[in-house]
Enquirer: 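Please read through the structure below; I'll follow up with questions.
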Amino acid sequence: MINITLKDGTIKEFEKGSSVLDIAKAISSGLARVAMAAEVDGQLADLRKPILQDSSLHINTFDDKNGKEAFWHTSSHILAQAVKRLFPEAKLAIGPAIDNGFYYDFDVKDPFTPEDLERIEEEMAKIVKEDYKIERFEMPRQEAIEQMERAGEIYKVELIKDLPEDAVISFYKQDDFADLCAGPHILSTGKVKAIKLLSVAGAYWRGSEKNKMLQRIYGVSYPKKSQLDEYLERLEEAKKRDHRKLGKDLDLFSILEEGPGFPFFHPKGMVLRNELENYWRQEHVKAGYQEIKSPIMLNKDLWVRSGHWDHYKENMYLSKIDESDFAIKPMNCPGSMLLYKRRIYSYRDLPLRMGELGLVHRHELSGALHGLMRVRSFTQDDAHIFMLPDQIKDEIVGVIELVDSFYDVFGFKYHVELSTKPEEAMGSDEDWDRAIGALKEALEHKGIDYTINEGDGAFYGPKIDFHLEDSIGRTWQCGTIQLDFQMPERFDLTYIGPDGEKHRPVMVHRVVFGSIERFIAILTEHYAGAFPAWLAPVQVKLLAITDRSNDYIRQIADLFKDSNIRAEIDLRNEKIGFKIREAQMEKVPYMLIIGDKEVETGTVSVRSRSKGSLGTMKLDEFKELLLKEIENKDL
RNA sequence: GCCAAUAUAGCUCAGCUGGUAGAGCAGCAGUUUCGUAAACUGCAGGUCAGGGGUUCGAAUCCCCUUGUUGGCUCCA
């Protein structure tokens, strides 16, 4: 007998060799029904796994990450089986679970059409209905290779050959379909009640553009139809919030054929932008930053010196002036370096914080462009901090606090990642270790949880990334802090220490918004276009009931203008319901409805975009209320 | 850049298997002066992304280019 410690801490005795499923059944048949995967002593395990010794056991359902993965992984096998039934010549590549569903890559002669997708979905429904039991079996390496070769599954052969010599080669089989797979899988195909195939796309084998492009089918599935419907509704909601749609509807920005990836900002989009930049400047002055502006175009020598010519040339726009090569800046740092070098600094001058709202241009692949999220020219709210080595921790802590205060204002939650040395990097391992150590120290000092992203750092140093979470749970990378021991070296930056000698300062690059353009896109989707009053392009709309109130309305508009309130007036010959509807669709925070009553009593009838009618107020009373809301940046 | 889909009026979209474009909203003109999410009537608006081809005839079929969308890759 063996002792099994369950999630709630109870210990139960089971026969040695009992499977996870046996144990689940013994606990309750309900649990066994919803069990999808398990963790045995913290290790992911299949329900079929026999347990041979005392262990701790967590049974995972669809509500757990592991359970979802097993469920979606099984769904991808159902997809593969369906494709094999309909397209026997299709070769199978890989088919994992992903964050929101699953995919499977196939090598087929002709790409799948939307009609094919429908047929495949129908075939999958059949496989579900037929409710095949899913069985696991193992095969010796050589035998597995031979069998896959016979079947013409060249990708599977490659996968097996890449597994370590001593790896257990397992397969999962349902009906006559077996697929190489480490598992875990759920018990039968019948549990996958609701399936939706979402899209087909080309995807390179093993993610490398040197390899053949395969056809990838994406899908989602749920144990219940209602859950699938809910998910599809969420997709619809995300679509409604899409900043590209709202940007058009709210007249914020556009991207024209004449400038792919180069956005135009409309007057209303500029209000948003300017508010963000004003706030940024205000907070950065408070935090002890100076502001600079470096040129957009600088000569080749500079980019060679900074290392960009070697490491970033593919992404740079190049040009010539007279006979010399120039480049449009893809980053602001080299310009900052030059400004640091304009004079000699004492150790007493450090840390020196130089901020720059810098417009950078980067050549992005045409297929990568996406609204304001992925563009070819954008403004980074950049800053470079030059400091003494023993100031690193305090400065990084300072930036972390600044970033935190910004995200709080917008109501974002966030998580933090630490990225380490990439393959193509400048500098020694020792420098990198030192830099990574400093970043870790700062994070730990602030008690911030973080995950490590191996090999994802910039070519000049490791970085801390801030991934913020929007109101519908998606995450976006915005702020980043990058430590850089390289640039000061390359530009021979120095300061004079207490000993009268020259020393090398340390530098960080950091952004809070990341890119103003991207941040505006994220804000638009986060607020679904209903910006808080301080950001709203129009803060209040004055709606006339009849033209007898026009003069009074114009007076109010002037008064608001003097108080820096962004007001619009609507004196058109339309019914009040019509004007309200329009203002509501423009997502203006406040509407003032003004007719004879208001004119007589010097009041306004206030309607809030979110709360509806707020009743009648004295004009000054409303003005104070709005000004306070703007001042406080209320959400 | 690669794979696929796609491009019709300012916006959202019709236009079946080829027979030289249509709606709603927005715009403009007039009527209506009206109290919390759409008043009424009329008018105007498009070289059907651009170029080439097939055809008696192309928005519709084919090819190329460009943009966009979903992915891959890359990234703020």
Enquirer: For residues 372-381 of chain A, pull every pair meeting salt bridge (charged side-chain N to carboxylate O under 4.0 Å, His left out), keeping only residues two or more places apart or in separate chains.
Expert: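 As it turns out, the salt bridge (charged side-chain N to carboxylate O under 4.0 Å, His left out) pairs with a partner in residues 372-381 of chain A, which skip direct neighbours, are A:E364-A:R374.
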Enquirer: Grab the CZ-C1' distance between A:R572 and B:A29 for me, whole Å please.
Expert: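 Atom-to-atom, A:R572 to B:A29, this comes out as 16 Å.
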Enquirer: What is the distance from CZ of A:F106 to P of B:A4, rounded to the nearest Å?
Expert: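 Answer to the nearest Å: 17 Å.
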Enquirer: Can you tell whether the side chains of A:R241 and A:E237 come within less than 4.0 Å, N to carboxylate O?
Expert: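 Salt bridge present between A:R241 and A:E237.
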Enquirer: Write down the partner of B:G45 under the Watson-Crick or G-U wobble criteria, each distance required to be under 3.5 Å.
Expert: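 Pairing partner, where one exists within any strand: none, as none qualifies.
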Enquirer: Paired with B:U60 by Watson-Crick or G-U wobble geometry, both distances under 3.5 Å: which nucleotide is it?
Expert: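 The answer is none; no pair meets the criterion.
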Enquirer: Do the non-hydrogen side-chain atoms of A:F378 and A:R362 ever get within less than 4.5 Å of each other?
Expert: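 In short, these two side chains touch, coming nearer than 4.5 Å.
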Enquirer: Can you tell me, in whole Å, how much space there is between the P of B:C13 and that of B:U6?
Expert: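 Roughly 15 Å separates the two P atoms.
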Enquirer: When you compare B:G45 with B:A7, how far apart are their P atoms, in angstrom units rounded to a whole number?
Expert: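 That atom pair is separated by 25 Å.
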Enquirer: Please name all residues satisfying side-chain contact (heavy atoms from CB on, under 4.5 Å) with A:K156, sequence neighbours left out, ordered by chain then number.
Expert: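 Listed in chain order: A:L92, A:Y104, A:M148, A:E153, A:L159, A:D179, A:L180.
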Enquirer: Can you sort out the partners of A:K421 under salt bridge (charged side-chain N to carboxylate O under 4.0 Å, His left out), two or more places apart, ordered by chain and number?
Expert: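 A:K421 satisfies salt bridge (charged side-chain N to carboxylate O under 4.0 Å, His left out) with A:D429 only.
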Enquirer: Using the side-chain contact (heavy atoms from CB on, under 4.5 Å) criterion, which residues pair with A:L523? Sequence neighbours excluded.
Expert: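 Per chain and number, A:L523 pairs via side-chain contact (heavy atoms from CB on, under 4.5 Å) with A:L276, A:F410, A:F412, A:F519, A:Y527, A:F531, A:L535.
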Enquirer: Using the C1' atom in both, what is the distance from B:G18 to B:U60, to the nearest Å?
Expert: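 Comparing C1' positions in B:G18 and B:U60 gives a spacing of 6 Å.
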Enquirer: Quick one: side-chain contact (heavy atoms from CB on, under 4.5 Å) partners of A:R244, sequence neighbours excluded?
Expert: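 Per chain and number, A:R244 pairs via side-chain contact (heavy atoms from CB on, under 4.5 Å) with A:D242, A:H370.
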Enquirer: Any salt bridge linking A:E417 with A:K463? Criterion: basic side-chain nitrogen under 4.0 Å from a carboxylate oxygen.
Expert: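 Salt bridge: no.
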Enquirer: Determine, for A:K91 against A:E158, whether the closest basic-nitrogen to carboxylate-oxygen distance falls under 4.0 angstrom.
Expert: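 Not counted as a salt bridge, because no side-chain N and carboxylate O are separated by less than 4.0 Å.
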Enquirer: Counting only Watson-Crick pairs (N1-N3 plus N6-O4 or O6-N4) and G-U wobbles (N1-O2, O6-N3), all under 3.5 Å, who is the partner of B:A23?
Expert: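 Result: B:U12.
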Enquirer: Does B:A5 pair with anything, Watson-Crick or G-U wobble, both distances under 3.5 Å, and if so, with which nucleotide?
Expert: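 B:U68 is the nucleotide pairing with B:A5.
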Enquirer: Quick one: side chain to side chain donor-acceptor pair (under 3.5 Å) partners of A:E582, sequence neighbours excluded?
Expert: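 Partners of A:E582 by the side chain to side chain donor-acceptor pair (under 3.5 Å) criterion, ordered by chain and then number, come out as A:R572.
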Enquirer: Considering residues at least two apart in sequence or located in another chain, which fulfil the side-chain contact (heavy atoms from CB on, under 4.5 Å) criterion with A:V416?
Expert: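 In terms of side-chain contact (heavy atoms from CB on, under 4.5 Å), with neighbours along the sequence ignored, A:V416 is linked to A:Y414, A:L443, A:I448, A:Y450, A:I464, A:F466.
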Enquirer: Quote, to the nearest angstrom, the C1' distance that separates B:U65 from B:C25.
Expert: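 Looking at atom C1' only, B:U65 and B:C25 are 34 Å apart.
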Enquirer: Side-chain N or O of A:K212 versus OP1/OP2 of B:C3: is the shortest distance under 4.0 Å?
Expert: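 No, A:K212 has no side-chain N/O under 4.0 Å of OP1/OP2 on B:C3.
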Enquirer: Please name all residues satisfying ring pair (Phe, Tyr, Trp, His ring centres under 6.0 Å) with A:H361, sequence neighbours left out, ordered by chain then number.
Expert: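 Applying ring pair (Phe, Tyr, Trp, His ring centres under 6.0 Å) to A:H361 gives none.
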Enquirer: Tell me, please, which residues at least two apart from A:H73 pass side chain to side chain donor-acceptor pair (under 3.5 Å).
Expert: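 Side chain to side chain donor-acceptor pair (under 3.5 Å) check on A:H73 returns nothing, list empty.
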Enquirer: Could you tell me how far B:U20 sits from B:A59 if I compare only their P atoms? Round to whole Å.
Expert: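 Per the computed distance, 10 Å lies between those P atoms.
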Enquirer: Listing time: all N or O pairs from protein to nucleotides 63-65 of chain B that are below 3.5 Å?
Expert:
none

Enquirer: Using atom C1' in both nucleotides, what's the gap between B:C2 and B:C74 to the nearest angstrom?
Expert: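 So the two C1' atoms sit 13 Å from each other.
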Enquirer: Reading nucleotides 67-76 of chain B 5' to 3', which nucleotides get B (base under 4.0 Å from a protein heavy atom), which S (sugar-phosphate only), which -?
Expert: SSSBBBBBBB
Enquirer: Between B:A5 and B:A9, how far apart are the two P atoms, rounded to whole Å?
Expert: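 The same atom, P, in both gives a distance of 23 Å.
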Enquirer: When the C1' atoms of B:U33 and B:A39 are compared, how many Å lie between them, rounded to an integer?
Expert: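 These two C1' atoms come out 12 Å apart once rounded.
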Enquirer: Does any nucleotide pair with B:U17 by Watson-Crick or G-U wobble geometry, both distances under 3.5 Å, and what is it?
Expert: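 Base partner found: none.
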Enquirer: Can you check the A:F264 CZ to B:G10 C1' distance for me, whole Å?
Expert: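 Rounded to the whole Å, the gap is 17 Å.
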Enquirer: For A:L250 and B:C11, give me the distance from atom CG to atom C1', rounded to whole Å.
Expert: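 Value for this atom pair: 13 Å.
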Enquirer: For nucleotides 35-40 of chain B, read 5' to 3', which letter fits each nucleotide if B means a protein heavy atom sits under 4.0 Å from the base, S means only the sugar-phosphate is that close, and - means neither?
Expert: BBBBB-
